[in-house]
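Here is the naming used below: chain letters follow the sequence lines, and residue numbers restart at 1 for every chain.
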Amino acid sequence: MIKSKIFDDLIEVLEELDLEYTENFSVEIPNNVEHGDFSSNVALLNAKLNKMAPRDLAEKFVEIFAKKRYYKKVEIAGPGFINFKLANSVFHKNLIDIVEKKKKFAASKHGKKQRILLEFISANPTGPLNVVSARAGAFGDTLASIMRHVGYDVFTEFYVNDAGNQVDILAESLELRYRELHGERIDEFPPEAYHGEYLKDLASQLNSAEGSKLFHCTENDRMEKMRNFALKKIQAMQYESLERFGVHFNNWMSERKLRKDGILEEALSYLAEAGCTYEKDEAIWFNSSQFGDIKDRVLIKADGNPTYLVPDIAYHITKYNRAYDVLIDVLGPDHHGHISKLRAAMKALELDASKLEVVYLQHINLIQNGEVVKMSKRAGRIVTLNDLIDEVGKDAARYFFIDRKPSAHLDFDMELAKKQSSENPVFYCQYAYARINSIMKKAKKAKISLKDFDTKNLRKLNKDEELRLIKKMLELKSILIGAAEHREPHRLSGYLHELAGMFHKYYAKYHIIDEKRIEMTQARLYLCSAVKNVIGLALDLMGISTPQKM
RNA sequence: GCGCCAAUAGCUCAGUUGGAUAGAGCAACGGAUUUCUAAUCCGUAGGUCAGGGGUUCGAAUCCCUUUUGGCGUGCCA
């Protein structure tokens with residue numbers, strides 16, 4: 001990596017000059033091209049330590065660096081920045097690396113194989129996945145890919161709340177629809193019930209499988225059947241939607257199974273043993289306020305049932321037991337009140353709460369014809385993940401969800417996502433990829449190939465645009481590391497959009513194929529193949545397709 | 001009331017551990033096609049980085065404060 005080479009060279013000079021120094025300085029790619037390929041604030045940060053003026057210190061660096069062949073030009077600028085222009089050959093050498101590493105380009109061992117448990121979506125299995133889950137899905141899946149690429153050992157998990165109150169309500173809702181099918185008039189569908197159309201479908205499926213048989217069994221048996229049937233079908237629905245969306249999990253963790261395994265009781269007994277529970281008003285409480293929560297929380301309700309907090313604590317204990325280094329929960333914005341309770345529980349159990357990390361995804365507005373699409377779960381009026389994929393396609397949906405900082409609200413413009421033009425960033429990026437492919441095809445027709453290409457001829461790549469393209473591609477490695485560390489996949493989509501733009505501009509300005517200048521053509525084709533590789537890699541990581549032709 | 005998140009161009013948003021003249025895209029306006037895909041490109045215009053104070057060589061970025069918006073603060077999940 002070029003940056004670290006410059007960094008090391010700077011350290012070497014600091015040593016050579018026998019100066020006091022901090023390694024806190026940076027080597028960066030300046031915003032302004034006139035400031036060179038790289039720039040460092042090393043003199044600014046170390047001037048005071050050596051009682052020198054920053055520019056004077058910088059001067060000493062320049063003298064030494066001027067003798068190194070790696071650098072074409074080293075200058076002092078502004079208050080004492082040192083700007084570096086590198087020899088073209090440095091970029092050419094790195095270009096070969098991009099092409100040869102293929103899909104492993106920009107991979108690194110940065111994550112040191114840290115074991116990460118990444119939990120996302122974890123929607124209730126009470127209905128089809130909605131757009132909130134869609135954002136979480138695109139986000140989580142892409143983050144996992146990026147983190148794996150930079151050397152983390154990531155395990156993804158979907159936690160299924162297939163037990164408890166909501167599931168009972170689901171079963172009751174299904175029963176009502178089932179009764180309707182058998183001619184019963186349901187005057188008032190309870191407001192807390194699930195109103196969506198999908199339950200009518202499920203009821204009729206259930207009816208064709210069982211007929212009226214279910215009326216003849218005991219209420220308990222009937223409800224159990226309702227529950228099982230609904231859960232099975234809805235989970236299958238969710239699974240299929242996610243398959244369509246290209247989102248996969250290493251594991252689907254069932255709350256029911258946790259309950260069966262007695263983990264809830266275990267969690268409760270741990271808390272009791274730690275002396276963190278007490279009884280009040282016929283309920284059992286957790287003294288979470290002792291552990292940073294704003295108030296104590298109920299664990300077991302007066303009716304004897306656990307609150308949702310208990311299985312959640314239990315589930316998180318299993319995460320700790322599975323020996324991960326970092327636990328990442330991706331949550332919706334309405335859950336941030338929840339995490340303080342969970343953290344409190346981890347502290348109470350003397351588990352390392354600093355391992356538990358939460359990413360909050362902010363709200364989504366779907367915008368159609370310039371207006372926010374109003375959704376109401378109660379009325380069963382929601383836009384599902386399937387609707388969205390039908391409407392705008394997987395690629396656009398994923399891109400739009402990824403291309404926004406997680407902490408920011410997201411306005412999803414449905415019209416824009418459908419547009420097949422440069423206004424639509426996903427098409428813009430894919431088009432760059434397809435365009436390179438068509439250049440390759442044309443080269444093949446002209447019988448120009450890279451088989452007999454001597455990489456010495458890469459020196460023909462001496463245009464600013466060409467060197468900048470290479471430089472841009474070399475940035476990918478640190479972009480991915482930043483995206484992984486900060487849990488911000490949008491850095492990758494932003495990068496991709498910029499790279500695609502640079503290529504389109506280059507394409508418009510220079511002709512790649514010139515049958516009279518074979519070596520030049522080959523060098524440019526080589527550059528194109530590198531760009532194709534990098535764009536393809538970025539799209540792969542985001543789970544977006546790479547069309548050969550558009 | 002308390003807590004979390006946000007506020008950057010007309011709109012949607014970037015802005016890396018604090019760096020040089022705050023950037024894209026869209027919309028607006030003006031241009032480019034004998035060409036490997038014009039699904040593209042070039043140019044013009046657009047800003048009190050919500051307001052105020054502080055920290056320092058340097059602040060959109062860090063700290064304090066005010067304002068505005070979203071959410072949370074259930075024996076719902």
Side-chain angles (χ1 to χ4, degrees), chain A residues 24-26 28-32 34-35 39 41 44-45 47-48 53-54 77-81 83 122-124 126 161 164-167 169 192 280-285 293-295 297-303 305-309 311-312 332-340 360 362-363 367 370 403-405 407-413 416 419-425 427-428 430-432 434-443 445-446 478-479 481-483 485-486 488 490-491 493-494 497-498 501 503-514 521 524-525 528 549-550:
Chain A
N24 237 347
F25 65 87
S26 62
E28 282 175 355
I29 298 170
N31 296 325
N32 189 336
E34 285 166 27
H35 294 152
S39 121
N41 58 358
L44 285 165
L45 288 181
K48 223 178 215 177
F81 290 100
N83 295 337
S122 297
N124 285 338
T126 52
N161 294 111
N165 210 9
Q166 299 299 319
V167 176
I169 294 171
E192 72 275 8
K280 194 179 93 182
D281 303 333
E282 290 170 40
I284 296 178
W285 293 69
D293 197 2
I294 44 173
K295 55 179 280 195
R297 310 287 173 176
V298 171
L299 294 170
I300 303 290
K301 298 184 267 185
D303 67 4
N305 287 314
T307 63
Y308 68 95
L309 187 56
D312 235 23
D334 48 339
H335 281 75
H336 63 245
H338 175 52
I339 208 71
S340 55
Y360 296 104
Q362 290 298 324
H363 274 293
I367 310 287
D403 188 39
R404 197 104 319 161
K405 175 167 64 170
S407 60
H409 293 243
L410 167 57
D411 282 345
F412 192 113
D413 185 337
L416 178 60
K419 268 190 197 158
Q420 312 231 333
S421 75
S422 63
E423 295 163 50
N424 184 346
F427 276 89
Y428 186 82
Q430 288 180 313
Y431 181 49
R435 191 171 232 183
I436 295 172
N437 199 54
S438 91
I439 296 170
M440 303 292 192
K441 255 196 235 155
K442 164 121 184 186
K445 254 190 206 157
S478 61
I479 293 287
I481 289 172
E485 271 193 335
H486 295 268
E488 291 184 344
H490 76 282
R491 297 184 188 207
S493 57
H497 194 244
E498 283 170 24
F503 180 75
H504 284 309
K505 288 178 220 284
Y506 174 61
Y507 170 92
K509 190 161 172 187
Y510 298 100
H511 213 77
I512 312 283
I513 294 172
D514 180 347
T521 299
R524 288 185 172 173
L525 281 173
C528 287
K549 207 176 138 186
M550 288 174 79

Subject >> 5' precedence on RNA chain B between Asp411(A) and Met440(A) (nearest-nucleotide basis) >> reply: Asp411(A)
Original post:
Nearest nucleotide by nearest heavy atom, which residue falls closer to the 5' end of RNA chain B, His511(A) or Asn83(A)?
Top reply: Asn83(A)
If you measure from the [atom1] atom in [N] to the same atom in [M], how many Å do you get, rounded?
{"N": "C26(B)", "M": "C62(B)", "atom1": "P", "result": "30 Å"}
{"N": "G72(B)", "M": "A77(B)", "atom1": "P", "result": "16 Å"}
{"N": "G43(B)", "M": "A24(B)", "atom1": "P", "result": "10 Å"}
{"N": "C5(B)", "M": "A59(B)", "atom1": "P", "result": "25 Å"}
{"N": "A45(B)", "M": "G3(B)", "atom1": "P", "result": "46 Å"}
{"N": "U61(B)", "M": "A28(B)", "atom1": "P", "result": "34 Å"}
{"N": "A14(B)", "M": "G25(B)", "atom1": "P", "result": "16 Å"}

Original post:
Any N or O donor-acceptor pair linking the side chain of Thr307(A) to the base of A77(B) at under 3.5 Å?
Top reply: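 Counting by modelled atom types and ignoring angles, no donor-acceptor contact under 3.5 Å is found here.
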Original post:
Is a donor-acceptor contact shorter than 3.5 angstrom present between the side chain of Asp403(A) and the base of A24(B)?
Top reply: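 Such a pair does not exist between side chain and base.
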Original post:
Base, sugar-phosphate, or nothing: which does Asp281(A) touch, judged by heavy atoms less than 4.0 Å apart?
Top reply: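 Since a base atom lies under 4.0 Å of Asp281(A), the category is base.
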Original post:
Looking for any heavy atom pair under 4.0 Å, which part of the strands does Lys295(A) touch: base, sugar-phosphate only, or nothing?
Top reply: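 It contacts sugar-phosphate atoms only.
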Original post:
His363(A) stacking on G70(B): centroids under 5.5 Å, ring planes under 30°?
Top reply: no
Original post:
Is there a donor-acceptor pair closer than 3.5 Å between any side-chain N or O of Asn41(A) and the backbone N or O of Leu44(A)?
Top reply: no
**OP:** State whether the side chain of Ser340(A) and the backbone N or O of Asp293(A) hold a donor-acceptor pair below 3.5 Å, judged by distance alone.
**Re:** no
**OP:** For Glu485(A), look at atom CD and say whether over 12 heavy atoms of other residues, nucleotides or ligands are found less than 6.0 Å away.
**Re:**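 Count over threshold, so yes.
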Subject >> Candidate nucleotides C76(B), U12(B), C75(B), ranked by approach to the side chain of Arg404(A) - the nearest >> reply: U12(B)
Sub-3.5 Å pairs of nitrogen or oxygen atoms, protein against nucleotides 56-59 of chain B:
from   : atom 1 : to       : atom 2 : distance (Å)
C57(B) : OP1    : Lys48(A) : NZ     : 2.6

**OP:** Please work out which of the three classes, parallel, tilted or perpendicular, describes the rings of His335(A) and His338(A), given edges at 30° and 60°.
**Re:**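 Perpendicular, since the angle between the ring planes exceeds 60°.
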